[in-house]
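Hydrogens, waters and symmetry mates play no part in the numbers below; they use all other heavy atoms, side chains included.
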Amino acid sequence: MQHPLILASSSPFRQSLLQKFNLPFDSFSPDIDESALPNEDPVELVKRLSELKARAATALFKQGLVIGSDQVAVFEQQILGKPHNKENAIKQLSLFSGNTVTFLTGLCVYDIQSNKTKTLVEPFNVTFRTLAQAQISAYCDAEQPYNCAGSFKSEGLGICLFEKLSGDDPNSLIGLPLIKLSQLLTEFGMDVLSNQD
């Protein structure tokens, strides 16, 4: 049975966020190149990748509203991706110590049948505590956040790294801005609250 909602992500964090809507959905892993284009700014990058991920659904599905999302951390005008290993995670978190980092989360809703998309970018700022190297190393060992933009999991122990969070939707930090997603789905004719059975 194909559901009208499709999540273009294999991330368990995005899947658990979308479950908050209490609607059935399918999910798949979009296999796309996430490299930035030459001179591409971070806002354009997350918009483009969110849409590419959503459009990848056409290889598997004939219809449905597809949700694509992508996230980068931006610090001092530099895009910081996933660390992939402990050494890089320690470098990132050492840089962030005592500073504020902006997370940009791209969100795209794509209607396969009409070929229409709506895409936006949700910013969220994280101010880090001043962290000792021993704290950073212990955190990395405990949570191994090597596949997370910014080298932390805010839904877990990562919350202890922060001094302050500021933005419209804390869910966007985990990878899916649910407030904006609810609004976009309504624009496509799917009101989350009216669809509760």
*Got a second to check how far Phe25's CZ is from Leu18's CG, nearest 0.5 Å?*
4.5 Å
*Measure the CD1-CG distance between Ile67 and Leu185 for me, rounded to the nearest 0.5 Å.*
5.5 Å
*Look at the side chain of Tyr146 and the backbone N and O of Cys140, then say whether any donor-acceptor pair between them is shorter than 3.5 Å.*
yes
_Has Glu143 got a side-chain atom pairing as donor or acceptor with Gly158's backbone, closer than 3.5 angstrom?_
yes
*asked:* Check whether Gln196 reaches the backbone of Phe21 with its side chain - one donor and one acceptor, N or O, closer than 3.5 Å.
replied: yes
*Could you give the distance from CZ (Phe124) to OG1 (Thr102), rounded to the nearest 0.5 Å?*
11.0 Å
*Between Arg55 and Asn115, is any side-chain donor less than 3.5 angstrom from a side-chain acceptor?*
yes
_Name of the residue among Lys47, Lys53, Lys82 meeting salt bridge (charged side-chain N to carboxylate O under 4.0 Å, His left out) with Asp70_ = Lys53
*Hey, quick one: are Ile6 and Leu52 part of the same hydrophobic cluster, counting side-chain heavy atoms closer than 4.5 Å, chains of contacts allowed?*
no
*Would you say Ser182's side chain and Leu178's backbone share a donor-acceptor pair under 3.5 angstrom?*
no
_Counterpart residues, salt bridge (charged side-chain N to carboxylate O under 4.0 Å, His left out), relative to Glu87 (two or more places apart)_ = Lys91
*Nearest 0.5 Å please: distance from the NZ atom of Lys118 over to the CG atom of Leu184.*
7.5 Å
*Taking the six-membered ring where the residue is Trp, are the ring centres of Phe128 and Phe152 under 6.0 Å apart?*
yes
_Leu161-Leu80 co-clustered via ILVMFWY side chain contacts under 4.5 Å_ = yes
*Checking side chain to side chain contact (heavy atoms under 4.5 Å, CB included) for the pair Gln15/Leu7: CA distance, chi angles, key distance, verdict?*
CA-CA 8 Å; Gln15 289 174 14; Leu7 179 64; 3.7 Å; yes
*asked:* Main chain of Ser172, side chain of Gln71: is a donor-acceptor contact present, judged purely on distance under 3.5 Å?
replied: yes
*Give the intermediate values and the outcome of side chain to side chain contact (heavy atoms under 4.5 Å, CB included) for residues Thr105 and Ser69.*
CA-CA 7 Å; Thr105 305; Ser69 186; 3.5 Å; yes
*So, Ser97 side chain and Ser94 main chain: donor-acceptor pair closer than 3.5 Å or not?*
no
*Shortest non-hydrogen contact from Ser27 toward Ser9*: CB-O, 3.8 Å
*Is any side-chain heavy atom of Ile90 less than 4.5 Å from a side-chain heavy atom of Gln133?*
yes
*Out of Asn125, Ile159, Thr127, which residue meets the side-chain contact (heavy atoms from CB on, under 4.5 Å) rule with Leu165?*
Ile159
*Taking the side chain as every heavy atom from C-beta outward, state whether Leu95 and Phe75 have any atom pair closer than 4.5 Å.*
yes
*Test side chain to side chain contact (heavy atoms under 4.5 Å, CB included) on Asn147 and His84 and set out the steps.*
CA-CA 6 Å; Asn147 206 27; His84 300 299; 4.3 Å; yes
_Is there a continuous path of hydrophobic side-chain contacts, each under 4.5 Å between heavy atoms, that joins Ile32 to Tyr110?_
no
*Taking atom CG of Asp141 as the centre, report whether more than 12 heavy atoms of other residues, nucleotides or ligands fall under 6.0 Å from it.*
yes
*Please report the shortest heavy-atom distance between Leu23 and Asn195, naming the atom on each side.*
CD2-O, 3.6 Å
*Which heavy atom of Gly68 sits nearest a heavy atom of Ala8, and at what distance?*
CA-CB, 4.3 Å
*Decide, yes or no, whether a salt bridge links Arg48 with Glu44 under the criterion of side-chain N to carboxylate O below 4.0 Å.*
no
*Could you check if a side-chain atom of Gln19 sits within less than 4.5 angstrom of a side-chain atom of Ser16, using non-hydrogen atoms only?*
yes
*Report the C-alpha distance between Asp169 and Lys180 in whole Å, list the side-chain angles of each, state the deciding distance to 0.1 Å, and finish with yes or no for salt bridge (charged side-chain N to carboxylate O under 4.0 Å, His left out).*
CA-CA 8 Å; Asp169 186 347; Lys180 287 288 197 306; over 6 Å; no
*Under 3.5 Å donor-acceptor, Glu163 side chain and Gly98 backbone*: no
*Identify the heavy atoms of Lys153 and Cys148 that sit nearest to each other, and give their distance.*
CG-SG, 3.7 Å
*At their closest point, which heavy atom of Leu65 faces which heavy atom of Met190, and how far apart are they?*
CD1-CB, 4.1 Å
_For a quick test of reading the model, state the closest non-hydrogen atom pair linking Ser151 to Leu93 and the distance between them._
O-CD1, 3.5 Å
*Contact check, side chains of Pro145 and Tyr139, non-hydrogen atoms, under 4.5 Å*: yes
*State whether the side chain of Arg14 and the backbone N or O of Gly175 hold a donor-acceptor pair below 3.5 Å, judged by distance alone.*
yes
*Looking at CG of Leu45 and CD1 of Ile79, how far apart are the two atoms once the value is rounded to the nearest 0.5 Å?*
5.0 Å
*Start with the C-alpha gap between Asn171 and Lys20, add the side-chain angles, then the distance that decides, and say whether side chain to side chain contact (heavy atoms under 4.5 Å, CB included) holds.*
CA-CA 11 Å; Asn171 297 298; Lys20 290 184 181 186; 3.1 Å; yes
*Are Ile179 and Val46 connected, step by step, through hydrophobic side chains (Ile, Leu, Val, Met, Phe, Trp, Tyr) whose heavy atoms are closer than 4.5 Å?*
no
